[in-house]
Amino acid sequence: MLSQKMIDRINLQINREMYSAYLYLAMAAKMNELGYTGVGKWLTAQYHEEMFHAMKFAEYLHDQNAVVSYTKIDSPEFKENEIKPLFQHVLSHEKSLTASIREIMDMAIAEKDYATQILAQWYIDEQVEEEKNATEIIQKIDLLGNSPQGLYLLDAELGKRESSAPLDFNKI
Ligand code: FEO
């Protein structure tokens, strides 16, 4: 059984994951508009990842007989219209999500809530991957010298990404 404080905190995290999905969807639209359709595809796959993160939390609340609250999602905030600054934004956003997940883990440890600790560990591992992906893309841009030819090749490579997020939740 979850504490009400934990239920509220997980519902807040669902909102943050959905905001992340919305942010990446908006970034994808901007990149598609600029002709970087490979980057757009990568960001759309990232949108699916974030929705998966949100739904995994929602299913956990359902499994714990807790109420899932879907609250207002803020408008996506970003100004970047070039690839490198955009991925720097992605990385800093992922770092903020990592910090947010760590708060849940800290709360679960303080409450001796072992089930949520196990769930939070999954997200902590996931965040290592999320930060690594964004960091590697920034490193590649730097290796390519941020040149138009390099960005063209990078766009083609990122366009190969397929979303692996399963979205077959049925208890949300
Ligand atoms: Fe839900 Fe990109 O972390």
Side-chain angles (χ1 to χ4, degrees), residues 10-61 68 70-102 104 119-144 146-172:
I10 291 175
N11 272 313
L12 172 63
Q13 192 64 33
I14 289 172
N15 183 280
R16 288 180 177 169
E17 301 290 346
M18 285 193 164
Y19 172 80
S20 305
Y22 206 21
L23 174 67
Y24 293 141
L25 198 59
M27 286 178 168
K30 171 56 73 178
M31 288 294 112
N32 286 332
E33 179 192 322
L34 296 172
Y36 290 118
T37 52
V39 177
K41 190 167 177 213
W42 190 95
L43 288 161
T44 303
Q46 194 62 20
Y47 151 79
H48 286 292
E49 290 286 325
E50 300 302 341
M51 287 304 296
F52 171 62
H53 295 168
M55 293 301 97
K56 188 175 175 72
F57 272 123
E59 184 166 79
Y60 177 69
L61 287 183
V68 180
Y70 292 113
T71 51
K72 180 183 167 195
I73 302 170
D74 290 337
S75 296
E77 290 271 347
F78 75 101
K79 295 189 178 76
E80 296 82 4
N81 56 15
E82 291 178 16
I83 294 183
K84 184 175 176 183
L86 184 111
F87 276 104
Q88 285 170 327
H89 187 150
V90 170
L91 179 57
S92 72
H93 184 71
E94 288 301 330
K95 286 182 176 176
S96 75
L97 286 167
T98 300
S100 189
I101 294 290
R102 287 173 61 101
I104 293 176
L119 180 76
Q121 185 61 54
W122 183 90
Y123 284 92
I124 284 171
D125 293 344
E126 181 75 357
Q127 284 309 122
V128 171
E129 188 70 21
E130 296 277 79
E131 289 190 27
K132 174 175 144 283
N133 291 343
T135 300
E136 284 181 354
I137 292 170
I138 294 167
Q139 285 171 335
K140 279 182 187 166
I141 295 168
D142 287 340
L143 281 171
L144 293 163
N146 208 10
S147 65
Q149 295 88 344
L151 291 177
Y152 181 85
L153 292 173
L154 183 73
D155 186 60
E157 185 185 328
L158 294 182
K160 294 177 188 160
R161 183 182 186 190
E162 298 290 345
S163 173
S164 57
L167 280 176
D168 60 347
F169 290 97
N170 56 13
K171 290 184 286 184
I172 52 178

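All heavy atoms count here, side chains included; hydrogens, waters and symmetry mates do not. When a residue number appears, it is its place in the shown sequence, counting from 1.
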TODO: Mind checking the CD-CD1 spacing from E157 to I137? Nearest 0.5 Å is all I need.
DONE: 8.5 Å
Task: Closest non-hydrogen atom pair, T37 against N32 - done: CA-OD1, 3.4 Å
Task: Salt bridge E33-K30, side-chain N to carboxylate O under 4.0 Å - done: yes
- [ ] Side-chain contact test, heavy atoms from C-beta onward, threshold under 4.5 Å: evaluate it for Y24 versus T44 and give yes or no.
- [x] no
- [ ] Determine whether L151 and Y36 make a side-chain contact, defined as any pair of heavy atoms from C-beta on separated by less than 4.5 Å.
- [x] yes
- [ ] Taking all heavy atoms of G35 and all of D155, pick out the closest pair and write down the distance.
- [x] O-OD2, 4.2 Å
- [ ] Could you tell me whether the side chain of E50 reaches within less than 4.5 Å of the side chain of L25, counting heavy atoms only?
- [x] no
- [ ] To the nearest 0.5 angstrom, please state how far the CG atom of L158 sits from the CD1 atom of I83.
- [x] 7.5 Å
Open item on the list: Within the structure provided, determine whether W122 and Y60 are in side-chain contact (heavy-atom separation under 4.5 Å).
Closed with: no
Task: Over all atoms of both residues, closest heavy-atom pair of M27 and F78 - done: CA-CZ, 3.7 Å
Open item on the list: We want to know whether Q127 and E131 form a side-chain donor-acceptor pair, criterion being a heavy-atom distance below 3.5 angstrom.
Closed with: no
TODO: Verify the neighbour count for atom CD of Q121: are there more than 12 heavy atoms of other residues, nucleotides or ligands below 6.0 Å?
DONE: yes
Open item on the list: With rounding to the nearest 0.5 angstrom, report the CD1 to CG distance, I104 to L119.
Closed with: 8.0 Å
Open item on the list: Whether the side chain of S96 engages the backbone of H93 through a donor-acceptor N/O pair (distance < 3.5 Å, no angle test) should be reported.
Closed with: yes
Task: Closest heavy-atom pair and its distance - Y47, A21 - done: CD1-O, 3.4 Å
TODO: Rounded to the nearest 0.5 Å, what's the gap from OH on Y19 to CD1 on I73? Could you check?
DONE: 10.5 Å
Open item on the list: Let me confirm one number: the CE-NE2 distance from M51 to H53, rounded to the nearest 0.5 Å.
Closed with: 11.5 Å
Task: Modelled atom types, side-chain donor and acceptor of E80 and Q88, under 3.5 Å - done: no
TODO: Specify whether F57 and Y123 have parallel, tilted or perpendicular ring planes, treating 30° as the upper limit for parallel and 60° as the lower limit for perpendicular.
DONE: parallel
- [ ] For residues Q46 and E94, determine if any side-chain heavy atom of one lies less than 4.5 Å from a side-chain heavy atom of the other.
- [x] yes
TODO: Please lay out, stage by stage, how E49 and E126 fare under the test side chain to side chain contact (heavy atoms under 4.5 Å, CB included).
DONE: CA-CA 10 Å; E49 290 286 325; E126 181 75 357; 3.4 Å; yes
Task: Note, D142 side chain near K84 side chain (heavy atom, < 4.5 Å) - done: yes
Task: Close side-chain approach of I14 to L61, heavy-atom, < 4.5 Å - done: yes
- [ ] Examine the side chains of N15 and T71 and answer whether a donor and an acceptor come within less than 3.5 Å of each other.
- [x] yes
Task: Salt bridge E17-K56, side-chain N to carboxylate O under 4.0 Å - done: no
Task: Exercise: identify the closest heavy-atom pair between I138 and F87 - done: CD1-O, 3.6 Å
Task: Nearest-0.5 Å distance that lies between atom CG in D125 and atom CD1 in I101 - done: 11.0 Å
Task: Non-hydrogen side-chain atoms of L43 and L86 separated by less than 4.5 Å - done: yes
TODO: For A54 and M18, work out which heavy atoms get closest and say how close.
DONE: CB-CG, 3.7 Å
